[in-house]
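First the structure, in the form of C-alpha cells, and then the observations on it.
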Protein chains: 2
Amino acid sequence: MAQTPDISNDLATDIWVRLSRAHMKVQASIEAALKAAGLPSLAWYDALRELERFGPEGGRAFEVQARLLLPQYGLSRLLGKLEKAGYLVRKNCAEDGRGKRLVITDQGKRVRRKMWRVYRAALKRAVGDKLPENDGPLLLALLERLK
Amino acid sequence: MAQTPDISNDLATDIWVRLSRAHMKVQASIEAALKAAGLPSLAWYDALRELERFGPEGGRAFEVQARLLLPQYGLSRLLGKLEKAGYLVRKNCAEDGRGKRLVITDQGKRVRRKMWRVYRAALKRAVGDKLPENDGPLLLALLERLK
DNA sequence: TGCATGTCAATGCATTTGCATCTATAACGG
DNA sequence: CCGTTATAGATGCAAATGCATTGACATGCA
C-alpha cells in the first residue's frame, strides 16, 4: 500500500528543510527589527560594513562583491542607492580609469553603527538566546562543513 | 588602538553568517541542478508536493499557504503559473463560494517526480556527503532549536 | 432578515531583480 | 603601435515581488 513512495524524507532533506526555516526565521527577525527602528535593510548593513573596512582611501566594487555574494549588477545598484542616501561617495579611480573608488561617509559610518546595535540585539534574541550552553561552537562547526 | 570597536564578532553573529552561507550554498546547488535538467524551480516543487498531498479531492490555497511560508499573493500567482503550465486545475469550490479547490494533474505529478530525483541527488551532494557519520541528527537537532 | 465585519483569493501598481548587453578602459600579443 | 581580448562597472528591459486594495462570499450579531 505504498509507504510514501516518492516523497521520501531522508536525513539530508530534513536538514535542508530545517536549515531553510532557521535561516528564514533569523533573517525575518533581523529585518523586522531594523525596519521597526526605521533603519535600512541588512543588505545595506553588509555593504556599509565592507566599505568601512576599507578605511579612508576607500576600495573597489569588485573587492566588495567578492565578500558579499551579490551579483555584480546587484551591488552596482545597491551602491547607487547608498550614494544617493549620502552614505557613500564614488570617486573616479586614479589607477584604473574603468573603476571607481568607494569611500564611506561619516553619515554612512553613523548609520552603520546604529544598525549594528539593533542587528546585534535581534541576533541575540534569534540565535544566542536559543542555544543553551556551549552548543554554539558545535553548531558553528557543523554549519562550516556545509560550506 | 581600538580592537574592532564596533564590528564585534560574537558567536551569534558567526553562526548567523555561516547559516546564511550554508543556506545559500545548498539552495544554489539545488536550483542549479534543477535548471540544468530543464526543470522548474524549487518553489514549484514545494507547491506541487503540497498539492499532491491533498489527493484527488484537492485542497484549498490557504492550507498550502500555511505549510509553504509564501505570502498570500505569492502563492496565488504561483498557482496561476502552475495552472497555466497544466500542472494544476483550480475548480470552483462547492462548500465555499469564495475559494477554489486545487487539484494536481497527472502531468503535475509526473514533473514533481522527475524533479524529486534531481532534487534528491543535489541534496545528497550538498548536504549528505558533507556530513560524516552521525553528525546529521546532531545538526538537525541544533537547527531545530532556532525555530 | 439585514448590516457590519471577517476571510479567500486575485490584481493594479510601484519597486526590485535577473539577464543580457553596453561603454570605457586595461592588458596582451604580434 | 595597433588590433584583439579581458575586465570594471552601469543600464535597458522583461520578469518577479511587495504592498495595498478589491471583489466575492461567509459569518456573527442585533
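Residue numbers begin at 1 in each chain, while the letters A, B, ... track the order of the sequences. Every value quoted in this text rests on a predicted model; they were computed, and no experiment measured them.
- Rounding to whole angstrom units, NZ of residue K100(B) and C1' of dT11(C) are separated by 13 Å.
- Separating the CD atom of Q72(B) from the C1' atom of dG6(C) is a distance of 14 Å, rounded to the nearest angstrom.
- Going from atom CD of E83(A) over to atom P of dT11(D) covers 11 Å, rounded to whole Å.
- For D96(A), whose side chain is taken as the heavy atoms from C-beta onward, the closest listed nucleotide among dT11(D), dA10(C), dT25(C) is dT25(C).
- R77(A) contributes a side-chain N or O that forms a donor-acceptor pair with the base of dG18(C) under 3.5 Å.
- As rounded to whole Å, 12 Å separates atom P of dG18(D) from atom CD of E31(A).
- In this structure, the NZ atom of K81(B) is 8 Å from the C1' atom of dA15(D), given to the nearest Å.
- Taking atom CG of L70(A) as the reference point, atom P of dA10(D) lies 14 Å away to the nearest angstrom.
- The nucleotide whose nearest atom lies closest to any side-chain atom of K35(B) is, among dC19(C), dA10(D), dT17(D), dC19(C).
- For D46(A) and R67(A), the salt-bridge test fails: no basic side-chain N is under 4.0 Å from an acidic carboxylate O.
- When distances are taken from the side chain of P71(B) to each of dG9(D), dG18(D), dG18(C), the shortest belongs to dG18(D).
- For A61(B), the listed nucleotide lying nearest its side chain is dA9(C); candidates were dA9(C), dA10(D), dC19(C).
- Distances were taken from every side-chain heavy atom of R98(A) (C-beta onward) to each of dA6(D), dA10(D), dA24(D); the shortest belongs to dA6(D).
- Taking 4.0 Å as the cut-off between side-chain N and carboxylate O, D129(B) and K124(B) count as a salt-bridged pair.
- Under 4.0 angstrom from either OP1 or OP2 of dA10(C) there lies at least one side-chain N or O belonging to S76(B).
- When each of dG9(D), dG18(C), dA9(C) is scored by its nearest atom to the side-chain atoms of Y73(A), the top-ranked nucleotide is dG18(C).
- Between the CG atom of N92(B) and the C1' atom of dA9(C) there is a distance of 12 Å, rounded to whole Å.
- Residues V118(B) and I30(B) have side chains not in contact (no heavy-atom distance under 4.5 Å, counting atoms from C-beta outward).
- R90(B) comes within 4.0 angstrom of sugar-phosphate atoms only, judged by non-hydrogen atoms across all strands, and of no base.
- The distance from atom NZ of K25(B) to atom OG of S29(B), rounded to the nearest 0.5 Å, is 4.5 Å.
- In this structure, CG of L79(B) is placed 14 Å from C1' of dT11(C), rounded to the nearest angstrom.
- A salt bridge links E52(A) with R112(A): the closest approach of a Lys/Arg side-chain nitrogen to an acidic carboxylate oxygen falls below 4.0 angstrom.
- Within 4.0 Å (heavy atoms only), R60(B) reaches sugar-phosphate atoms of the nucleic acid but no base atom.
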